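Note that these values count all heavy atoms, side chains included, but never hydrogens, waters or copies made by symmetry. Everything numeric in this text was worked out from a predicted model, so none of it was measured.
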Amino acid sequence: MKALEKKYLLPFALVTSLFLLLGLANNMTDTLLAAFKRIMDMSDAQTSLIQFAFYGSYFCFALPAAIFISRHSFKSGIILGLLLYAAGAILFLPAAYAASYGFYLVAIYIMAGGCSVLETTANPYILSMGSPETATRRLNIAQSFNPIGSIIGILMSKYFILKDISLYSVSGTYASLGLVLIAILVAILFVKMPAGRDSGNRSGILASFGRLFRNRLYRYGVVAQFFYVGAQIGVWSFTIRIVMQELGVLEAQASTIYLITIIGFCLSRFIYTWLMKWVSPAKLLLAGGVLSTLMTAVVVLGAGSGWLLIVALVLISFFMSLMFPTIYGLSLGGVAQSEHPDDAKLGASGLIMAILGGALLTPLQGLVSDNSSIYMSYIIPAICFVVVTLFAAYAVKTNRRIYA
């Protein structure tokens, strides 16, 4: 069965382009931890507040975004998201002028709010573009462009931020991105897109929450998503720092390994999507969870092992690449096919709110790093991958096979 019908090609392409922009924002932000540690002489716990602001904003904006989309349209959600994203990026310039870390955190919060609106809009829209049986594969295809954006973001960070670290190199790069986003926003204003709104069959938010909570696969999926995002952001946020320490190189050189990590993440997502033609997403998620846990354990125990540790660090991203869209698709698949399919839009906001894991668990990892070692801090992602593995095992057991 085809993942995408011909009539959905244009809206699918437009919405898929948003995932590239989201990946760019996520991974440029990851490099800021190393940049601010150098510029402002901060601890790992202090720099991790960047991730707290970014992913905390995701949590705060997701539910309002879902309500906004249900009352207006997908296109309205895209416009609002791009507007906030661009505004936050441009605010980096006055933050540099004020030389205020707090100002930067506000700018990051606004920018991430835009990303949250875009992601809350894009994910359920992609799932709705065709058969429920191919929804998870369709979402994996669209989200495969997310790491392409990540690669672009890392390259921008490598050559425009980390090569000559200063507040103005950071702010100039983000402000330039803001101008590009405004140009994209203007273009989308003139593009005709499907309205894409709720059917109007609203039985009340509380009733929807009640049905979602009683759905075990969805409930466990939200928990798994919380821990997965905490693992992903923790692994990536400290990759540059751990490479610097293990190989004795500076930020710009260490960012090359980070770039290889994201390239592996990108390629493996395409591989996973291809494998979903024959293997159920739940089983692939189970395998990815086990292997990610093992590779993270190597990092925890491998201090001083050099390239062995670096290879394990890169492989974590290779094995975890399918997790976000697959957890998302498995969790919402049953909801979309239930007697109350409109619950899926509210459920989508819950899965985006679970991105809060990146805000709460990354600072915890920073505290472990400050009080023990950066190697030992990877025990946090290891525990997170165990939770994802348990969710995958449950999904396999319940035989919820949403093929991709």
Side-chain angles (χ1 to χ4, degrees), residues 1-4 19 123-124 126-127 129-147 215-232 235 261 264-298 312 314-338 344 347-348 350-351 354 357 381-404:
M1 183 179 292
K2 289 185 177 181
L4 186 67
F19 289 104
N123 284 295
I126 291 294
L127 288 175
M129 291 183 187
S131 170
E133 287 77 15
T134 59
T136 301
R137 179 153 60 103
R138 193 160 51 249
L139 187 57
N140 270 274
I141 292 169
Q143 289 225 6
S144 294
F145 288 83
N146 184 278
N215 185 318
R216 285 189 179 182
L217 190 63
Y218 173 78
R219 189 169 74 239
Y220 296 163
V222 171
V223 173
Q225 199 74 292
F226 175 91
F227 282 97
Y228 164 67
V229 176
Q232 176 190 297
V235 168
T261 295
F265 183 87
C266 178
L267 292 176
S268 66
R269 183 167 280 180
F270 283 104
I271 293 170
Y272 276 125
T273 303
W274 175 70
L275 288 173
M276 285 180 188
K277 292 181 180 180
W278 301 282
V279 184
S280 74
K283 289 182 178 179
L284 288 173
L285 181 64
L286 179 60
V290 171
L291 292 169
S292 296
T293 303
L294 291 174
M295 292 302 102
T296 311
V298 172
V314 171
L315 286 176
I316 294 171
S317 292
F318 188 92
F319 293 130
M320 74 178 179
S321 68
L322 86 161
M323 291 183 180
F324 185 92
T326 303
I327 294 170
Y328 195 105
L330 290 171
S331 301
L332 277 187
V335 176
Q337 298 176 62
S338 69
L351 286 160
I383 293 170
C384 294
F385 286 130
V386 169
V387 175
V388 173
T389 302
L390 292 173
F391 168 74
Y394 179 77
V396 171
K397 181 179 178 181
T398 56
N399 202 30
R400 301 241 182 198
R401 301 177 188 275
I402 303 176
Y403 288 99

Donor-acceptor contact present, side-chain [X] to main-chain [Y], <3.5 Å:
| X | Y | answer |
| --- | --- | --- |
| Q225 | F324 | yes |
| R269 | L322 | no |
| S268 | F265 | yes |

Given M320 and V388, is the side-chain contact (heavy atoms from CB on, under 4.5 Å) satisfied, shown in steps? CA-CA 10 Å; M320 74 178 179; V388 173; over 6 Å; no

Under the side-chain contact (heavy atoms from CB on, under 4.5 Å) rule, what do T326 and L284 come out as? Steps first, then yes or no, please. CA-CA 9 Å; T326 303; L284 288 173; over 6 Å; no

When the ring centroid of Y394 is compared with that of Y220, is the distance short of 6.0 Å?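 Under 6.0 Å, so yes.
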
Side chains of [X] and [Y]: closer than 4.5 Å at any heavy-atom pair?
| X | Y | answer |
| --- | --- | --- |
| P381 | Q232 | no |
| M295 | V314 | no |
| L285 | F391 | yes |
| Y218 | L351 | yes |

Heavy-atom closest contact (S331 atom, G221 atom, distance):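 Looking at all heavy atoms of both residues, the closest pair is OG-CA, 3.1 Å.
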
So which atom in L330 and which in A395 form the shortest heavy-atom distance, rounded to 0.1 Å?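 Where L330 meets A395 most closely, the heavy atoms are CD1-CB, 4.2 Å.
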
Atom CZ of R216: over 12 foreign heavy atoms under 6.0 Å: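 No, the 6.0 Å shell around CZ holds no more than 12 heavy atoms from other groups.
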
Here's a test for you: under side chain to side chain contact (heavy atoms under 4.5 Å, CB included), which of F227, Y272, F385 qualifies with M323?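 It is F385, the one option of F227, Y272, F385 that forms the side chain to side chain contact (heavy atoms under 4.5 Å, CB included) with M323.
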
List the steps, then state whether side-chain contact (heavy atoms from CB on, under 4.5 Å) holds for S144 with T273. CA-CA 9 Å; S144 294; T273 303; 4.1 Å; yes

Which word best sums up how the rings of F270 and F145 line up, parallel for under 30°, tilted for 30 to 60°, or perpendicular for over 60°?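 Plane angle over 60°, so perpendicular.
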
